[in-house]
Student: 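Sharing a structure here in structure tokens format.
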Protein chains: 2
Amino acid sequence: MSEKQLRRSLAVLPMSTVIALTDLTARQIRYYETQELVHPKRNDGNRRRYSLNDVDRLLEIKDGLASGMDFATMRKLTAKKEAVAEKKKVSDTHARRVLEAEMQQLAGMRPAHPSLRQHL
Amino acid sequence: MSEKQLRRSLAVLPMSTVIALTDLTARQIRYYETQELVHPKRNDGNRRRYSLNDVDRLLEIKDGLASGMDFATMRKLTAKKEAVAEKKKVSDTHARRVLEAEMQQLAGMRPAHPSLRQHL
DNA sequence: CGATTCATGTCAGAAGTTCTTACATGTAAG
DNA sequence: CTTACATGTAAGAACTTCTGACATGAATCG
């Protein structure tokens with residue numbers, strides 16, 4: 001996984017932030033989860049934590065609903081997207097190895113850690 | 001400001017996430033704020049919200065402390081970095097205008113929105 | 001040495017946020 | 001009209017964060 005993709009898939013955002021970024025209500029966001037359209041992580045205290053990818057998906061859901069699509073259809077679209085992403089991931093093995101080697105170098109070159117900038 | 005910079009400067013992360021990303025304690029993070037080394041935003045309920053840039057800075061502070069630097073010195077370094085960023089920002093007026101238009105779109109101003117993917 | 005400063009730990013009480021569950025409701029479909 | 005869907009709302013519990021205060025080990029200073 002590229003650093004960029006890693007950054008986008010980190011589950012770091014609380015509900016309130018997601019509400020602010022999507023203009024959806026908490027009720028809607030949780031309902032879409034029961035419909036298997038998003039899968040936020042949980043922290044130790046059982047609070048949901050969303051990634052930027054999740055926010056993205058929520059915006060797509062919002063669009064889909066606005067244009068009359070139903071949840072079953074969107075579930076399929078989402079599944080397809082994830083399949084494509086998975087394929088890409090597999091075919092990216094080489095690039096990933098190179099990148100991971102570079103990251104290890106960065107992590108090991110200094111006694112203290114490199115700035116997050118290079119990774120997130 | 002590029003979209004990337006915008007993404008990095010969005011104040012979206014709660015304290016618990018910052019603790020997880022930096023391995024600092026809440027006490028340390030708040031103390032560095034009293035030392036004017038980070039300036040998180042606040043949400044409506046007065047809770048701190050950090051950006052990725054803030055997380056970055058906190059990691060730099062951690063490095064600095066580990067290598068014996070004092071807060072006064074780090075404040076100066078930070079100030080210099082911000083000055084450089086500001087200069088860049090000013091020269092980026094056009095890109096900024098375009099981006100701000102996109103942000104307004106994201107904020108829900110219009111009927112059809114682009115995926116967040118393109119912006120964050 | 002004793003006093004002071006620094007960076008951090010810890011605790012307490014208040015306030016904000018999120019969780020789950022349950023019931024309510026408007027609209028579209030049958 | 002009845003059902004299903006998508007969302008609103010409320011309540012109580014639990015989690016998280018806030019500020020302020022006091023404690024402490026290490027370093028520095030007089």
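Per chain, numbering begins at 1; letters A, B, ... match sequence-line order.
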Student: If the threshold is 4.0 Å, N to carboxylate O, is there a salt bridge linking R8(A) and D56(A)?
Tutor: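 A salt bridge is present here (some side-chain N lies under 4.0 Å from a carboxylate O).
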Student: Would you check if I19(A) and T25(A) make a side-chain contact, meaning some heavy-atom pair closer than 4.5 Å?
Tutor: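 The answer is no; the side chains never approach within 4.5 Å.
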Student: Hey, which of these two, Y50(B) or M69(A), hits DNA chain D nearer its 5' end, going by closest nucleotide?
Tutor: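 Upstream on the strand: M69(A).
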Student: Any side-chain N or O of Y31(B) under 4.0 Å from OP1/OP2 of dA7(C)?
Tutor: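 Y31(B) to dA7(C) OP1/OP2: side-chain N or O found under 4.0 Å.
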Student: Starting from P on dA22(C), measure out to CZ on R30(A) and report it in whole angstrom.
Tutor: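 Interatomic distance, CZ of R30(A) to P of dA22(C): 15 Å.
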Student: Pick the closest DNA chain C nucleotide for Q28(B) and for G45(B) by heavy atoms, then say which residue is nearer the 5' end.
Tutor: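 It is Q28(B), whose closest nucleotide lies nearer the 5' terminus.
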Student: Is there a side-chain polar atom (N or O) of N43(A) under 4.0 Å from OP1 or OP2 of dT16(D)?
Tutor: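 For dT16(D), OP1/OP2 do have a side-chain N/O of N43(A) under 4.0 Å.
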Student: Compare side-chain N and O positions of R27(A) against OP1 and OP2 of dA10(D) and report whether any pair is under 4.0 Å apart.
Tutor: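 R27(A) to dA10(D) OP1/OP2: no side-chain N or O under 4.0 Å.
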Student: Counting only side-chain N and O atoms of Y32(A), is one of them less than 4.0 Å from OP1 or OP2 of dA6(D)?
Tutor: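 False: Y32(A) side-chain N/O out of range (4.0 Å or more) of dA6(D) OP1/OP2.
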Student: Output the rounded distance in Å from CE (M15(A)) to C1' (dT20(C)).
Tutor: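 M15(A) atom CE is separated from dT20(C) atom C1' by 12 Å.
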Student: Please work out if R42(B) contacts a base, only the sugar-phosphate, or nothing of the nucleic acid, heavy-atom cut-off 4.0 Å.
Tutor: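 Result for R42(B) = sugar-phosphate.
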Student: Do R42(B) and R48(B) come within less than 4.5 Å of each other through their side chains, counting heavy atoms only?
Tutor: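 When only atoms from C-beta onward are counted, R48(B) and R42(B) do touch, with a gap below 4.5 Å.
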Student: I want to check one thing: is the phosphate of dT16(D), taken as OP1 and OP2, less than 4.0 Å away from some side-chain N or O of R48(A)?
Tutor: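 No, because none of the side-chain N or O atoms of R48(A) sits under 4.0 Å from OP1 or OP2 of dT16(D).
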Student: Please confirm whether the shortest side-chain N or O distance from R47(B) to OP1 or OP2 of dT16(D) is below 4.0 Å.
Tutor: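 R47(B) to dT16(D) OP1/OP2: no side-chain N or O under 4.0 Å.
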Student: Nearest whole angstrom, please: distance from the C1' of dT17(D) to the CD1 of I19(B).
Tutor: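 It is 9 Å, rounded to the nearest whole Å.
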Student: Provide, to the nearest angstrom, the distance between the NZ atom belonging to K41(B) and the P atom belonging to dT17(D).
Tutor: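 That distance rounds to 19 Å.
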Student: Give a yes or no on whether the backbone of L24(A) and the side-chain of K62(A) come within a donor-acceptor separation of less than 3.5 Å.
Tutor: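 No, the answer is negative, given that no donor and acceptor are paired below the 3.5 Å cut-off.
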